[in-house]
**Q** 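First the structure, then my questions, so here it is.
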Protein chains: 2
Amino acid sequence: MVKKSDATKARLLQAATQEFAMYGIAGARVDRISAAASANKNLIYVYFGNKEQLFDTVYQAAIEELLEAAPFDAEDLPGYAGALFDFYVAHPHLIRLARWHALERPGDEVLPVAYGATQDKLRKLSAAQSAGLVDAGMPAHALLTLILVLSAAWSDGSPEARATGDAELAALHRHSIVVSVGRLVRPPRGAGDSRG
Amino acid sequence: MVKKSDATKARLLQAATQEFAMYGIAGARVDRISAAASANKNLIYVYFGNKEQLFDTVYQAAIEELLEAAPFDAEDLPGYAGALFDFYVAHPHLIRLARWHALERPGDEVLPVAYGATQDKLRKLSAAQSAGLVDAGMPAHALLTLILVLSAAWSDGSPEARATGDAELAALHRHSIVVSVGRLVRPPRGAGDSRG
DNA sequence: GACGAGAATCTAACCGATCAGTTAGATTTG
DNA sequence: CAAATCTAACTGATCGGTTAGATTCTCGTC
């Protein structure tokens with residue numbers, strides 16, 4: 001059954017995502033969110049508790065969306081990094097949410113869903129290292145962090161991005177990331193896989 | 001001559017740096033800053049204008065400190081990345097300031113001092129590429145961004161940092177960064193430099 | 001070296017605006 | 001009718017910024 005309130009909830013969540021991505025938790029305004037959602041302010045408190053919990057809900061949804069967007073492939077890590085890059089370009093607000101969260105909730109433990117996904121990635125990555133498909137010169141968790149960081153290198157707030165909408169520049173950035181990850185993970189001596 | 005007000009100004013700046021690093025611009029409280037500096041709130045407005053301008057002053061000082069800390073060396077980029085990592089470990093609040101700035105002042109142009117320093121780095125990097133000391137497979141500006149991003153990979157807010165104060169882990173992170181940058185910048189065929 | 005005017009420095013109290021959260025009730029739905 | 005959904009107005013606290021005035025320092029003049 002389609003409930004009326006579900007649509008309102010969805011509009012509020014959508015508006016809250018924009019607002020939190022733009023201004024962070026401290027900077028977000030509950031009145032702006034309800035106005036943008038064409039909903040009454042009180043509904044936020046009825047449906048989501050308060051501003052902090054609303055952020056939690058928004059953030060959880062964003063993380064889940066991100067996890068689904070780029071399936072982890074330990075045997076093609078450059079491709080995985082490229083997919084992440086594409087996702088960040090397509091959804092710039094999600095990475096902003098993640099950065100706000102890191103800054104405004106320093107002590108927050110990782111969401112269960114994200115934790116599970118990370119453990120899964122680490123397992124696959126270790127296996128690929130053992131199989132000789134990926135360089136084993138550093139532990140899987142370090143390698144994973146570096147790959148993730150490289151993927152997000154140009155996603156907002158980096159030294160010389162600024163010129164948005166430049167497809168040529170974006171292509172260069174993507175290429176740089178893919179090449180970099182390739183160099184990071186390529187095993188020193190041949191072990192089955194080789195790429196053109 | 002040593003002016004009394006200079007000491008007050010310095011205390012305010014110190015307190016403001018802590019406050020902004022902790023809470024960002026929107027989250028920072030001028031009353032907390034003045035209290036932490038044991039100074040009257042009004043002095044902030046007398047000396048620095050307002051909260052936004054106080055942040056500008058704090059941020060500018062932080063950038064200058066960061067630029068002085070790790071001298072750029074295009075011929076030893078892994079070492080440069082390592083020095084940056086060390087600085088981030090020693091001064092965790094400065095990188096937080098930079099991240100707050102990126103999020104809360106999206107359209108802000110780069111500070112002149114930072115712009116100048118970046119141009120200088122790019123020139124040196126290009127020269128090193130031309131000389132065959134550094135891989136020329138991607139433009140200098142892209143390479144520089146990737147190096148900077150790698151250096152800051154574990155500086156706050158990354159997936160599995162959390163355990164601060166762990167010297168062994170920090171050493172692993174530093175090593176991972178140095179090795180990664182080494183792989184990034186090493187030219188494909190021998191060109192003078194070779195490393196163990 | 002005393003002294004006083006004026007500038008520099010500092011203080012405490014205040015103010016208007018804003019904001020998260022509440023309440024009481026209207027309207028719709030089942 | 002009763003529960004779910006929604007609305008508008010209100011509230012108490014907080015916060016950035018201001019104001020008026022107290023205190024201290026600077027320096028020329030006698």
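Side-chain atoms are counted along with the backbone in the values below, which use heavy atoms only and exclude waters and symmetry mates. In the text below, chain A, chain B and the rest are named by the order of the sequence lines, each starting its count at 1.
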**Q** Using a 4.0 Å heavy-atom cut-off, does A:Ala26 contact any base of the nucleic acid, only the sugar-phosphate backbone, or nothing at all?
**A**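 Nothing, no nucleic acid heavy atom in range.
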**Q** Heavy-atom count around B:His175 NE2 within 6.0 Å, excluding the residue itself: above 12?
**A** no
**Q** Does A:Tyr47 have a side-chain nitrogen or oxygen under 4.0 Å from the phosphate oxygens OP1 or OP2 of D:dC6?
**A**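 A:Tyr47 to D:dC6 OP1/OP2: side-chain N or O found under 4.0 Å.
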**Q** Between B:Val46 and A:Gly27, which is nearer to the 5' end of DNA chain C once each is assigned its nearest nucleotide?
**A** B:Val46
**Q** Strictly below 4.0 Å, N to O, side chains only: are A:Arg186 and A:Asp135 in salt-bridge contact?
**A** no
**Q** What's the NZ-C1' distance between A:Lys9 and D:dT5, to the nearest Å?
**A** 11 Å
**Q** Could you give the CZ-to-C1' distance, from B:Arg32 to D:dT14, as a whole number of Å?
**A**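 In whole Å, D:dT14 C1' and B:Arg32 CZ are 11 Å from each other.
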**Q** Rounded off to whole Å, could you give me the CD-to-C1' distance for the A:Glu19 and C:dA20 pair?
**A**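 One finds 13 Å between C1' of C:dA20 and CD of A:Glu19, rounded.
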**Q** Might you point out which heavy atoms bring B:Leu146 and A:Ala153 nearest each other, and give the distance in Å?
**A** CD2-CB, 3.9 Å
**Q** From CG of A:Leu43 over to C1' of C:dG21, roughly how many Å is that when rounded to an integer?
**A**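 These atoms are roughly 14 Å apart.
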**Q** Please give, in whole Å, the distance from D:dG17 P to B:Phe48 CZ?
**A**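 Roughly 14 Å, once rounded to whole Å.
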**Q** Is the base of C:dT23 touched by the side chain of A:Asn42 through a donor-acceptor pair closer than 3.5 angstrom?
**A** yes
**Q** Please determine if a side-chain N or O atom of B:Thr8 lies less than 4.0 Å away from the OP1 or OP2 oxygen of C:dC10.
**A**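 Indeed, a polar side-chain atom of B:Thr8 lies that close.
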**Q** May I ask you to say whether A:Asp56 pairs ionically with A:Arg105, meaning some side-chain N is under 4.0 Å from a carboxylate O?
**A** yes
**Q** Between P on D:dC6 and CG on A:Asn40, what's the gap in Å once rounded to a whole number?
**A**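 Taking atom P of D:dC6 as the reference, CG of A:Asn40 is at 10 Å.
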**Q** Quick one: are A:Tyr80 and A:Leu148 in side-chain contact, heavy atoms under 4.5 Å?
**A**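 Side-chain contact under 4.5 Å: yes.
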**Q** Of the nucleotides C:dG21, C:dT11, C:dA20, which one has an atom closest to the side chain of A:Val30?
**A** C:dA20
**Q** Mind calculating the distance between OH (B:Tyr23) and C1' (D:dT14) to the nearest angstrom?
**A** 15 Å
**Q** Examine the base of C:dG21 for any acceptor or donor lying under 3.5 Å from a partner atom in the side chain of A:Lys51, and report the outcome as yes or no.
**A** no
**Q** If I take atom CD1 in residue B:Ile44 and atom C1' in nucleotide D:dG17, what distance separates them, rounded to the nearest angstrom?
**A** 11 Å
**Q** Would you tell me if any nitrogen or oxygen in the side chain of A:Arg29 comes within less than 4.0 Å of OP1 or OP2 on C:dA20?
**A** yes
**Q** Nearest of C:dT22, C:dT11, D:dT18 to any side-chain atom of A:Tyr45?
**A**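 When the side chain of A:Tyr45 is considered, C:dT22 is the closest of C:dT22, C:dT11, D:dT18.
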